[in-house]
Amino acid sequence: MTNYDVIYEFAADNYGLITSFKASELGIPNIELVKLAHRGRLIHIGHGVYKIKHYVPTVYDKYAEAIAITGNKTSVFGESVLAMHGLGLVNSAYIFLASQKKIRKNLPAFIKVVYPETNFNEVFYEGIPSQSVFEAILVCKNTIMSDRLKDAVKEAQRSGFITEEEAKKARKELK
């Protein structure tokens, strides 16, 4: 197998993405990623983050890219969790990511990092680290219209993102 074949095999299962750190773990030197990007087989999307050129996009790509660009210690947070699942008619210009540690690298304008004061349960939706939908609804009660959040609770319960008990708690919180 060529280096590109190894990269493709990994990236195809990870939203078309590979980081220089992961490539190193797979035995591929960073210079090989640079060469493949120069040849047009990879697209450089951030510091140490590449995307294979021939990849069928999904609705989750931008969230996976934001996590890859910021590093593995971040999670999709707040209204971005709702947007990721099509809940609450949220259409933010930013992807909000939560981090426990300060991120010092320059980030693209579409990524906003927040540092929540309280811990939250990290879950994975489609392999992407995220705040739970239930907690995201509660976090958004001061930033999103209550009618939209009430609709989000109904849809989240119907879609299986929250339990009946969580839906009751959320409705009570939103009154």
Side-chain angles (χ1 to χ4, degrees), residues 1-115 120-133 135-136 140 152 155-156 158-162:
M1 278 175 64
T2 67
N3 283 337
Y4 182 76
D5 292 336
V6 173
I7 290 168
Y8 187 88
E9 193 170 298
F10 175 81
D13 293 333
N14 291 285
Y15 299 98
L17 301 170
I18 188 153
T19 63
S20 55
F21 179 78
K22 187 61 183 177
S24 175
E25 285 183 344
L26 296 171
I28 300 167
N30 190 45
I31 191 67
E32 187 66 24
L33 296 173
V34 174
K35 287 178 182 177
L36 288 167
H38 184 69
R39 292 183 201 137
R41 299 199 72 190
L42 297 178
I43 301 165
H44 183 251
I45 63 167
H47 183 71
V49 182
Y50 297 85
K51 187 169 197 154
I52 54 178
K53 186 166 185 170
H54 300 289
Y55 170 75
V56 179
T58 72
V59 296
Y60 301 107
D61 287 359
K62 61 185 177 180
Y63 304 101
E65 287 177 18
I67 294 290
I69 289 168
T70 56
N72 292 331
K73 302 294 183 207
T74 56
S75 303
V76 180
F77 187 78
E79 56 187 78
S80 293
V81 174
L82 301 181
M84 188 165 97
H85 299 294
L87 302 170
L89 297 174
V90 177
N91 187 17
S92 177
Y94 307 107
I95 295 177
F96 292 97
L97 300 179
S99 177
Q100 298 299 321
K101 295 183 177 180
K102 189 78 170 159
I103 296 178
R104 301 195 189 288
K105 58 172 102 172
N106 290 330
L107 299 174
F110 74 93
I111 298 174
K112 296 291 181 195
V113 178
V114 297
Y115 303 95
F120 60 87
N121 295 321
E122 183 179 72
V123 296
F124 288 82
Y125 296 115
E126 301 297 325
I128 300 170
S130 175
Q131 179 182 39
S132 72
V133 169
E135 290 174 330
C140 292
E155 184 60 32
R158 186 173 49 224
S159 301
F161 291 118
I162 61 174

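In this text, all values refer to a predicted model and were calculated from it rather than measured experimentally.
Shortest non-hydrogen contact noted between Cys140 and Gly78 is SG-C, 3.6 Å.
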Between side-chain atoms of residues 17-36 and protein atoms elsewhere (two or more places apart, or another chain), which donor-acceptor pairs fall under 3.5 Å?
unit_1 : atom_1 : unit_2 : atom_2 : d
Thr19  : OG1    : Lys22  : N      : 3.1
Lys22  : NZ     : Glu25  : OE1    : 3.1

Report, one line per pair, each donor and acceptor closer than 3.5 Å where one atom sits in a side chain of residues 88-100; sequence neighbours left out.
unit_1 : atom_1 : unit_2 : atom_2 : d
Ser92  : OG     : Tyr94  : N      : 3.1
Ser92  : OG     : Tyr94  : O      : 3.2
Ser99  : OG     : Lys101 : N      : 3.2
Ser99  : OG     : Lys101 : O      : 2.6

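To the nearest 0.5 Å, the span separating CG on Asn14 from CD1 on Ile52 amounts to 9.5 Å. Atom OH of Tyr60 and atom CD of Glu126 lie 4.5 Å apart (nearest 0.5 Å). A distance of 11.5 Å separates CD1 of Ile103 from NZ of Lys73, quoted to the nearest 0.5 Å.
Counting heavy atoms from C-beta on, the side chains of Tyr15 and Lys51 never come closer than 4.5 Å. Looking at heavy atoms from C-beta onward, Tyr55 lies in side-chain contact with Asp61 at the 4.5 angstrom threshold.
Using modelled atom types, one side-chain atom of Thr70 and one backbone atom of Ile67 make a donor-acceptor pair closer than 3.5 Å. At distances below 3.5 Å, at least one donor-acceptor pair connects side-chain atoms of His44 with backbone N or O atoms of Gly46. One N or O on the side chain of Glu135 and one on the backbone of Asn121 form a donor-acceptor pair closer than 3.5 Å.
Residues that satisfy the side chain to side chain donor-acceptor pair (under 3.5 Å) test with Asp5, not counting sequence neighbours, are Thr2.
Aromatic ring orientation, His85 versus Phe161: tilted (interplanar angle from 30° to 60°). Using the six-membered ring where Trp is involved, Phe120 and Phe77 have ring planes that are tilted, between 30° and 60° apart.
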